[in-house]
Novice: 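I'd like to ask some things about the structure below.
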Amino acid sequence: MPSATTEHAKIITIERHILDEQLSHPGATGALTSLLYDIALSGKVIASKTTRAGLVEILGRTDEINIQGEQVQKLDQFADLTIFRLNDHTGRLAVLGSEEHEHILPIPDKYPTGKYVLLYDPLDGSSNIDFNIPVGTIFAIYRRKSEAGPGTLEDCLQPGRDLVAAGYLIYGMSTMLVYTTGMGVHGFTLDPTVGEFLLSHPYIRIPHPPKYFSANLGHQVYWSQGVQRFTDYLQGQDGQRKGLSLRYVGSLVADFHRNLLSGGIFYYPADAQDPKKPHGKLRLAYEAAPLGFIAQNAGGYASDGWQNILDIQPQALHERTPLFIGNRELVEKAEEYILEDGG
Ligand code: FDP
């Protein structure tokens, strides 16, 4: 019979964890379970390439520019294709959307469609690839709204509040997968020796007090008065409290992940100077909503400075939004400053 000690030392693979969660939904068909497992598999395949990113055949850019006007790198394309190919034929998805593609990605005619919608940012923070700095994959899963047949754009344009599951993979010192289906946020670390994600961070809650703030202060002069005053507040410039430490990687997943585990706030506000960023830089559907869902399920909060990110109904697939995300009290403080200063 297992002792209390062996019970404690139990190794939980991601497969077992997802299956256990499925058991608490008696009506579940297993489609979501399999979908999450396929995303974990995509992560392993992508991680196998990111760890070789210094090697000649991977580095070097292609000449293509994606629809965000950014230079597409080979690893982005690999990650994008890997996720699509591992999910296009399973009969679990009605439609997909990728941050790398302007339009929705239909399921090829030869394969059946299913009841879920998968939106993903295949390699977030890709400007960091060349410098061996962590990058990540973000994913968002919704239930389709259309009845049957090929999925539609409307299936993809849902507010974050309707998410069924969301998560991310971070390709860093180790590869981790963090996900939630609304029943706690759980983190798994890839053991490369056995090729399995093992539960390492069950029931993550954003710690209090927060330690860090993360923002690109290089753009500060272009932020609104409210956001600038909020930044002063974080730095303790009113002399009322000690300022938080600044940490900014410039890979959203890495910045978010650190603050999720240590407490803090990440923000990317609107930029008054850059005509490309009047609503910030980050994409609502591919970045802000899924991470907002994770933050909320870990006791935190995400806002565009005015309202809960999860309440925003996207109007377009690549819509951008300002984002403030992390400890609830800090994000609410940002909202307070922004409201006071009218921007
Ligand atoms: P990147 O341009 O490298 O892909 O949304 C993309 C993103 O990275 C985020 O991961 C990151 O937080 C942000 O942009 C960095 O933007 P700045 O370079 O303007 O700080």
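Sequence positions, counted from 1, serve as the residue numbers for this chain. One-based numbering, in listed order, for ligands and for the atoms of each.
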Novice: Which atoms of ligand 1 sit under 4.0 Å from any heavy atom of H219?
Specialist: 19 (O)

Novice: Quick check on contacts: which atoms of ligand 1 are under 4.0 angstrom from a heavy atom of Y248?
Specialist: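 Contacts of ligand 1 toward Y248, numbered from 1: 15 (C), 16 (O), 17 (P), 20 (O).
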
Novice: Using a 4.0 Å cutoff against the non-hydrogen atoms of E287, which atoms of ligand 1 qualify?
Specialist: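 Listed by number with element, the hits are 5 (O), 6 (C).
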
Novice: With R283 as reference, evaluate E319, E99, H318 under the side chain to side chain donor-acceptor pair (under 3.5 Å) test and give the passing residue.
Specialist: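 Single pass found, and it is E99.
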
Novice: Consider every N or O of F266 and every N or O of ligand 1, then say whether any pair is closer than 3.5 Å.
Specialist: no

Novice: Is it true that a side-chain atom of S146 and a backbone atom of A148 form a donor plus acceptor pair closer than 3.5 Å?
Specialist: no

Novice: Is the shortest distance from a Lys or Arg side-chain nitrogen in K281 or D271 to a carboxylate oxygen in the other one below 4.0 Å?
Specialist: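 No.
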
Novice: Does NZ or CZ of R328 lie under 6.0 Å from the centre of the six-membered ring of Y301, at an angle within 45° of the ring axis?
Specialist: yes

Novice: With side-chain contact (heavy atoms from CB on, under 4.5 Å) as the test, pick out the partner of I141 among L119, I39, L163.
Specialist: I39

Novice: List ligand 1 atoms under 4.0 Å from R283, heavy atoms only on the residue side.
Specialist: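 That gives atoms 5 (O), 6 (C) of ligand 1.
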
Novice: Have a look at ligand 1 and work out which part of L282, if any, has a heavy atom under 4.0 Å from it: side chain, backbone, both or neither.
Specialist: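 Within the 4.0 Å criterion, L282 contacts ligand 1 through side-chain atoms alone.
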
Novice: I'd like to check which ligand 1 atoms, numbered from 1 as shown, lie under 4.0 Å from a non-hydrogen atom of N216.
Specialist: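 Atoms satisfying the 4.0 Å criterion: 17 (P), 19 (O), 20 (O).
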
Novice: Is the NZ or CZ atom of R258 both under 6.0 Å from the centre of the six-membered ring of Y212 and within 45° of that ring's axis?
Specialist: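 Yes, a cation-pi geometry holds between R258 and Y212.
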
Novice: Is R144 reaching over with its side chain to a backbone N or O of G114, donor-acceptor style, under 3.5 angstrom?
Specialist: yes

Novice: Is the shortest distance from a Lys or Arg side-chain nitrogen in D155 or R143 to a carboxylate oxygen in the other one below 4.0 Å?
Specialist: no

Novice: How does S127 reach ligand 1, if at all, at less than 4.0 Å between non-hydrogen atoms: by side chain, backbone, both, or neither?
Specialist: both

Novice: Below 4.0 Å, non-hydrogen atoms only: which portion of L252 touches ligand 1? Side chain, backbone, both or neither.
Specialist: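 Both of them.
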
Novice: Taking distance alone, with N or O pairs closer than 3.5 Å, would you say K281 contacts ligand 1?
Specialist: yes

Novice: Before signing off on this row, confirm whether N128 and ligand 1 have an N or O atom pair separated by under 3.5 Å.
Specialist: no

Novice: Atoms of ligand 1 less than 4.0 Å from Y268 heavy atoms?
Specialist: 16 (O), 17 (P), 19 (O), 20 (O)

